[in-house]
Trainee: 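Starting off with a structure, shown below.
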Protein chains: 2
Amino acid sequence: MRSMPNRSPSGGVDERAAATGAPALDRLRRELARGTAELAVLSVLSTRRRYGYELLKLLRETGGGLLEVKEGTLYPLLHRLEDAGHITASWEAEGRARPRKYYSLTPDGRTHLALLRGEWTALVAGMRTLLDTLDGVD
Amino acid sequence: MRSMPNRSPSGGVDERAAATGAPALDRLRRELARGTAELAVLSVLSTRRRYGYELLKLLRETGGGLLEVKEGTLYPLLHRLEDAGHITASWEAEGRARPRKYYSLTPDGRTHLALLRGEWTALVAGMRTLLDTLDGVD
DNA sequence: CCCGATGCCTTGTCTCACAAGGCATCAAGC
DNA sequence: GCTTGATGCCTTGTGAGACAAGGCATCGGG
């Protein structure tokens, strides 16, 4: 793990970090993104099954890197989702010497994802209500 | 506090709660909304100063109730924002026998709000990237 | 006086994110 | 063979914030 290469976020993000102080901005972003991990993971899994490490990389590189999830978060989350019946896990080698643990959505998981998605949309709409009020005053 | 009247959320929300099981849906919504409290509070304060209890009521009634914040959360948050210099607090009676503690945004708080707002917008855009991928497959 | 509404505060508990430590396998280089 | 780095999964202790609930106070009405 410690040998994990440090990857720079995509271009624009670096500039913003420099302007505000990376540690504070990092913390701010992380706090804002709290609560989105489950939706992010489930939505990525909805297109096809993936193994844990693949999910880590994908989430770090997609969506401007703002939906990044760390392994200390991901694996416990995957286990919770598995316990809840939203996903299933299976070890598969796939013509490789070394197996990976693949995760895939269950039908129940697809239902849950649809629900989560609806709630996210509602939340975003609700927040827009507040922010648009601000716009009205300006 | 225990005498606080129980208010039903707006119409549609009740029906959804009945379909899924209110405790589970409540938990889901709360987890999804984690991280939004600060943005919500600051944006409400941006239009004009308000006292704590007023904020509680406003956030419960606005945005479909999805941005509700409880007092155990609000007051510590207000104190944190005050410590950070984003808001100021002042006790005012305003022709009433009983004073209230009003909170208002500082110029620094306005800057912070603008930053938070930008980050929220980016987060929503990032999530849309994932969810649109899902749409593409469907 | 009692009760409910209004208003602010705090504490203990819960939940989840994160850093970091740990283990394992594989492949390349010395 | 040994070492190192990449790949892959897991877990634990810590930190931070949300929440329930308890507490205090004032005011007004019965």
Side-chain angles (χ1 to χ4, degrees), chain A residues 1-7 23-24 26-41 50-60 66-84 89-103, chain B residues 1-7 23-24 26-41 50-60 66-84 89-103:
Chain A
M1 277 302 98
R2 222 100 322 95
S3 58
M4 175 73 74
N6 276 333
R7 301 201 185 179
D26 277 350
R27 194 204 60 81
L28 181 153
R29 283 175 178 155
R30 277 190 237 120
E31 186 56 33
L32 207 49
R34 278 201 79 148
T36 59
E38 188 169 325
L39 177 58
V41 168
R50 299 175 195 273
Y51 56 94
Y53 193 62
E54 185 183 6
L55 283 170
L56 286 177
K57 287 188 297 181
L58 205 52
L59 289 171
R60 190 173 60 230
L66 299 177
L67 295 166
E68 180 181 7
V69 172
K70 302 297 174 66
E71 50 269 68
T73 299
L74 180 67
Y75 290 107
L77 172 58
L78 288 173
H79 296 158
R80 290 201 301 275
L81 290 173
E82 200 179 347
D83 290 343
S90 60
W91 285 98
E92 296 174 32
E94 287 195 325
R96 298 158 38 92
R98 180 179 182 145
R100 290 167 170 152
K101 191 168 182 183
Y102 278 85
Y103 298 93
Chain B
M1 278 300 101
R2 226 100 320 97
S3 59
M4 177 70 76
N6 277 334
R7 303 202 183 180
D26 278 349
R27 194 203 63 81
L28 181 153
R29 283 176 177 154
R30 278 193 236 120
E31 187 54 36
L32 207 49
R34 280 201 76 148
T36 59
E38 188 170 322
L39 177 57
V41 169
R50 300 173 195 273
Y51 58 93
Y53 194 60
E54 186 184 6
L55 283 170
L56 285 179
K57 286 188 295 180
L58 204 54
L59 289 171
R60 189 173 62 233
L66 298 178
L67 296 166
E68 179 180 8
V69 173
K70 302 296 171 68
E71 50 268 72
T73 298
L74 180 67
Y75 290 107
L77 172 58
L78 288 173
H79 295 156
R80 289 201 302 276
L81 290 172
E82 200 179 346
D83 290 342
S90 59
W91 284 99
E92 295 173 31
E94 288 194 323
R96 298 160 35 93
R98 180 179 181 145
R100 289 169 173 154
K101 191 168 182 182
Y102 277 85
Y103 298 93

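Lettering follows sequence order; numbering is per chain, from 1.
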Trainee: In terms of the nearest nucleotide of DNA chain C, which residue is placed more toward the 5' end: B:Gly72 or B:Arg100?
Mentor: B:Arg100
Trainee: Round to a whole Å and report the spacing from CG of B:Leu74 to P of D:dA20.
Mentor: 14 Å
Trainee: Tell me whether the OP1 or OP2 atom of D:dC10 has a side-chain N or O from A:Tyr75 closer than 4.0 Å.
Mentor: no
Trainee: Under 4.0 angstrom, heavy atoms only, what part of the nucleic acid is B:Gly52 near: base, sugar-phosphate, or nothing?
Mentor: sugar-phosphate
Trainee: Would you kindly give the CG-to-C1' distance between B:Leu56 and C:dA5, to the nearest whole Å?
Mentor: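 Result: 14 Å.
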Trainee: For a quick check of understanding: with a heavy-atom distance under 4.0 Å over all strands, which category does B:Tyr102 fall into, base, sugar-phosphate or nothing?
Mentor: nothing
Trainee: For C:dG7 and B:Tyr51 - does any side-chain N or O of the residue sit under 4.0 Å from the phosphate oxygens OP1/OP2?
Mentor: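 For C:dG7, OP1/OP2 do have a side-chain N/O of B:Tyr51 under 4.0 Å.
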Trainee: Of all of residues 30-40 of chain B, which get a heavy atom below 4.0 angstrom from DNA chain D, listed by number?
Mentor: B:Arg30, B:Arg34, B:Ala37
Trainee: In whole angstrom, what separates B:Glu54's CD from C:dA5's C1'?
Mentor: 16 Å
Trainee: I want to verify a distance call: between C:dA20, C:dT10, C:dC8, whose nearest atom is closest to the B:Pro76 side chain?
Mentor: C:dT10
Trainee: Could you tell me whether the side chain of B:Tyr75 reaches within less than 4.5 Å of the side chain of B:Leu55, counting heavy atoms only?
Mentor: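 The answer is no; the side chains never approach within 4.5 Å.
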Trainee: Within this structure, what is the NZ-CD distance for the pair B:Lys101 and B:Glu54, rounded to the nearest 0.5 Å?
Mentor: 15.5 Å
Trainee: Check whether any side-chain nitrogen or oxygen of A:Thr73 sits under 4.0 Å from OP1 or OP2 of C:dC16, and answer yes or no.
Mentor: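 No, because none of the side-chain N or O atoms of A:Thr73 sits under 4.0 Å from OP1 or OP2 of C:dC16.
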Trainee: Under 4.0 Å: is that the gap between some side-chain N or O of B:Arg29 and OP1 or OP2 of D:dC19?
Mentor: no
Trainee: Got a sec, which residues hit salt bridge (charged side-chain N to carboxylate O under 4.0 Å, His left out) with B:Arg34, two or more places apart in sequence or on another chain?
Mentor: none
Trainee: Rounded to whole angstrom units, what separation is found between the NE2 atom of A:His79 and the C1' atom of D:dG8?
Mentor: 12 Å
Trainee: Ignoring hydrogens, what is the shortest heavy-atom contact between A:Glu82 and A:Ala89? Give both atom names and the distance.
Mentor: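 Scanning both residues, the minimum pair turns out to be OE2-CB, 3.5 Å.
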Trainee: With side chains defined as the heavy atoms from C-beta onward, is the minimum distance between A:Leu77 and A:Val69 less than 4.5 Å?
Mentor: no
Trainee: Return no unless some side-chain N or O of A:Lys70 is found under 4.0 Å from OP1 or OP2 of C:dA19.
Mentor: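 Result: yes.
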Trainee: Measure CG/A:Leu77 against P/C:dA17 and give the value in whole Å, please.
Mentor: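 It works out to 7 Å between those atoms.
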Trainee: Of the nucleotides C:dA17, D:dG8, D:dA18, which one has an atom closest to the side chain of A:Arg80?
Mentor: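 Nearest listed nucleotide: C:dA17.
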Trainee: Over how many whole Å does the gap from A:Lys57 atom NZ to D:dT7 atom P extend?
Mentor: 6 Å
Trainee: Working to the nearest 0.5 Å, report the span between CG of B:Leu59 and CG of B:Leu66.
Mentor: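 That separation rounds to 12.0 Å.
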Trainee: What's touching nucleotides 26-30 of chain D from the protein side, N or O pairs under 3.5 Å?
Mentor:
unit_1 : atom_1 : unit_2  : atom_2 : d
D:dT26 : O2     : B:Arg98 : NH1    : 2.1

Trainee: A:Glu71 has an atom CD; how far is it from atom C1' of C:dA19, in whole Å?
Mentor: 9 Å
Trainee: Tell me the interatomic distance from A:Leu59, atom CG, to C:dC18, atom P, rounded to whole angstroms.
Mentor: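 After rounding, the gap between these two atoms is 11 Å.
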